[in-house]
Novice: 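My structure is below; once you've seen it, I'll send some questions.
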Amino acid sequence: MIDPVVDQAWVREQGGRVVLADVRWYLDGRSGRAAYDSGHLPGAVFVDLDRWLARPGSPADGRHPLPDPEVFAAGMAAAGIGDDDTVIGYDDAGGVIAARLVWMLRATGHEAALLDGGLAAYRGELVRDEPDRPPAVFTPRPWPTDRLAGIDDATGSSSVVLDARDAARFRGDTEPVDPRPGHIPGARNLPCRENLGGDGRFLPVAELRERFAAVGVGEGADVVSYCGSGVTACHNLLALEHAGLGVGRLYPGSWSQYSATDRPAATGDRA
């Protein structure tokens, strides 16, 4: 399988053998589709996170539970993404949203990667026309149990549990969308946006490995990644794999599910 992070030069070398997927989405309610329509990378299709990469949320399941495999497959097929296509996902936030699509594809055995730097790294002219890709055949595959973690896994002592949210939300200083502030007791904060340098591209692998080591992650560690709703947590999982430290597991319910229960919450910087 290809590395989970590729750059513009790699994409150019592939010619038309990859499918670019624009996965812009905004927590503040702005429309990702409108952003796509106003200008996107040439040849890119739009993938709607709320429609195809999640099913409707609930307190019991969190804000962005994984969709049924058949729904995911229908979305990919409608976008012209087939079983054998290599998909390169991007957004305008360093890949923290597009990571959800890339993780879902890789977890089910498809070739997929994040475009390093995303939209900001592109130096050409954006386009508004949607590519004419015919519907494809994309076979539903079940979500692999070995790549997923549940709420009990996220509180167990045998795993390194990583919280991908920014430090203020981890500490509980603020909580804009979920029922309670704080974090899962025992979790360690690894803000996913800090996987990136000032240019919006991923840090060098050696620096990523140092970041993971600082929160107790070495090669072969059992890593569980969560965030607010199971989206940006995928960025840490792709960074983990990119750094050569394994694949880890996603806790899809994340803080939006956990904080709706009566389980204890931690605040401050402590794990």
Side-chain angles (χ1 to χ4, degrees), residues 23 25-27 48-72 75 96-108 141-172 174-193 215 217 221-241 247-267 271:
V23 201
W25 179 91
Y26 304 101
L27 186 61
D48 189 322
L49 185 148
D50 287 318
R51 185 176 183 187
W52 304 120
L53 307 185
R55 69 177 188 273
S58 69
D61 295 324
R63 284 186 283 113
H64 287 116
L66 289 171
D68 292 336
E70 291 76 15
V71 171
F72 178 52
V96 301
I97 304 301
R100 172 75 167 225
L101 170 65
V102 172
W103 180 87
M104 290 168 67
L105 288 166
R106 292 176 71 88
T108 50
R141 298 179 186 178
W143 305 117
T145 57
D146 62 340
R147 302 291 292 274
L148 297 175
I151 194 168
D152 291 329
D153 298 307
T155 56
S157 59
S158 61
S159 302
V160 181
V161 180
L162 301 180
D163 186 319
R165 297 173 300 163
D166 63 46
R169 286 185 71 190
F170 177 82
R171 291 192 303 264
T174 182
E175 181 45 66
V177 288
D178 291 321
R180 288 186 288 161
H183 59 268
I184 297 173
R188 303 162 193 193
N189 192 207
L190 192 74
C192 63
R193 287 173 175 80
V215 291
V217 177
D222 177 17
V223 174
V224 172
S225 182
Y226 81 92
C227 56
S229 67
V231 174
T232 64
C234 297
H235 199 267
N236 273 353
L237 291 174
L238 297 179
L240 182 79
E241 188 178 357
V247 294
R249 293 184 287 162
L250 174 68
Y251 169 32
S254 285
W255 185 247
S256 58
Q257 179 191 52
Y258 186 95
S259 62
T261 71
D262 59 1
R263 296 182 183 229
T267 56

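Residues take their numbers from the sequence shown, with the count starting at 1.
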Novice: Would you name the heavy atoms of P69 and P142 that are closest together and state the gap between them?
Specialist: CG-CA, 4.0 Å
Novice: Do the side chains of L27 and R63 get nearer than 4.5 Å, heavy atoms only?
Specialist: yes
Novice: Output all residues satisfying salt bridge (charged side-chain N to carboxylate O under 4.0 Å, His left out) with D68, sequence neighbours left out; order by chain, then residue number.
Specialist: none
Novice: Can you tell me which residue pairs pass the salt bridge (Lys or Arg N to Asp or Glu O under 4.0 Å) test with a partner in residues 247-256, sequence neighbours excluded?
Specialist: D153-R249, D222-R249
Novice: Do you know the tightest heavy-atom contact between Q257 and A60?
Specialist: NE2-O, 2.8 Å
Novice: Quick one: are V161 and Y251 in side-chain contact, heavy atoms under 4.5 Å?
Specialist: no
Novice: Suppose we screen for salt bridge (charged side-chain N to carboxylate O under 4.0 Å, His left out). Which residues come up paired with D50, at least two apart in sequence or across chains?
Specialist: none
Novice: May I ask you to test the R180-T261 pair for a side-chain heavy-atom distance under 4.5 Å?
Specialist: yes
Novice: I'd like to know if the side chain of S256 reaches the main chain of G228, judged simply by a donor and an acceptor atom lying under 3.5 Å from each other, with no hydrogens or angles considered.
Specialist: yes
Novice: Any non-hydrogen side-chain atom of L53 less than 4.5 Å from a side-chain atom of V23?
Specialist: yes
Novice: Going by the rule salt bridge (charged side-chain N to carboxylate O under 4.0 Å, His left out), which residues pair with R147 if we only count those two or more places apart in sequence or in a different chain?
Specialist: none
Novice: Would you check if P181 and T174 make a side-chain contact, meaning some heavy-atom pair closer than 4.5 Å?
Specialist: no
Novice: Report yes if the side chains of L162 and L240 come closer than 4.5 Å at any heavy-atom pair, otherwise no.
Specialist: no
Novice: What residues form a salt bridge (charged side-chain N to carboxylate O under 4.0 Å, His left out) with R55, not counting sequence neighbours?
Specialist: D61
Novice: The criterion is ring pair (Phe, Tyr, Trp, His ring centres under 6.0 Å); which residues satisfy it with F72, sequence neighbours excluded?
Specialist: F138, W143
Novice: Which pairs pass side chain to side chain donor-acceptor pair (under 3.5 Å) with one or both residues in residues 163-172, sequence neighbours excluded?
Specialist: D163-R165, D163-Y226, R165-E175, R169-E175, R169-D178, R171-D173
Novice: Just do the side-chain contact (heavy atoms from CB on, under 4.5 Å) check on V223 and N236 with the steps written out, would you?
Specialist: CA-CA 10 Å; V223 174; N236 273 353; over 6 Å; no
Novice: Can you list everything that forms a side-chain hydrogen bond (donor to acceptor under 3.5 Å, both in side chains) with Y258? Sequence neighbours excluded, please.
Specialist: none
Novice: What is the minimum heavy-atom distance between I184 and A154, and which atoms define it?
Specialist: CG2-O, 3.5 Å
Novice: Do you know the tightest heavy-atom contact between A233 and A164?
Specialist: CA-CB, 3.9 Å
Novice: Looking at P264 and P185, what are the two nearest heavy atoms and their distance?
Specialist: O-CD, 3.3 Å
Novice: Ring pair (Phe, Tyr, Trp, His ring centres under 6.0 Å) with W103: which residues, sequence neighbours excluded?
Specialist: none
Novice: Sort and list the pairs that fulfil salt bridge (Lys or Arg N to Asp or Glu O under 4.0 Å) and have at least one residue in residues 224-241, not counting sequence neighbours.
Specialist: R106-E241
Novice: Do the side chain of S254 and the main chain of G230 share a donor and acceptor less than 3.5 angstrom apart?
Specialist: yes
Novice: Give me the atom names and distance for the closest heavy-atom approach of V224 to A149.
Specialist: CG1-CB, 3.7 Å
Novice: Kindly compute the distance separating SG (C192) from CG (L237), expressed to the nearest 0.5 Å.
Specialist: 10.5 Å
Novice: Can you tell me how far the OG1 atom of T232 sits from the CZ atom of R100, to the nearest 0.5 Å?
Specialist: 10.0 Å
Novice: Which pairs pass salt bridge (Lys or Arg N to Asp or Glu O under 4.0 Å) with one or both residues in residues 251-265, sequence neighbours excluded?
Specialist: D152-R263
Novice: Checking A99 now: which residues fulfil side chain to side chain contact (heavy atoms under 4.5 Å, CB included) with it, not counting sequence neighbours?
Specialist: L114, C234, H235, L238
Novice: Taking side chain as C-beta onward, heavy atoms only, is P252 less than 4.5 Å from L148?
Specialist: yes
Novice: Using side-chain heavy atoms (C-beta onward) and a distance below 4.5 Å, is V215 in contact with N189?
Specialist: no
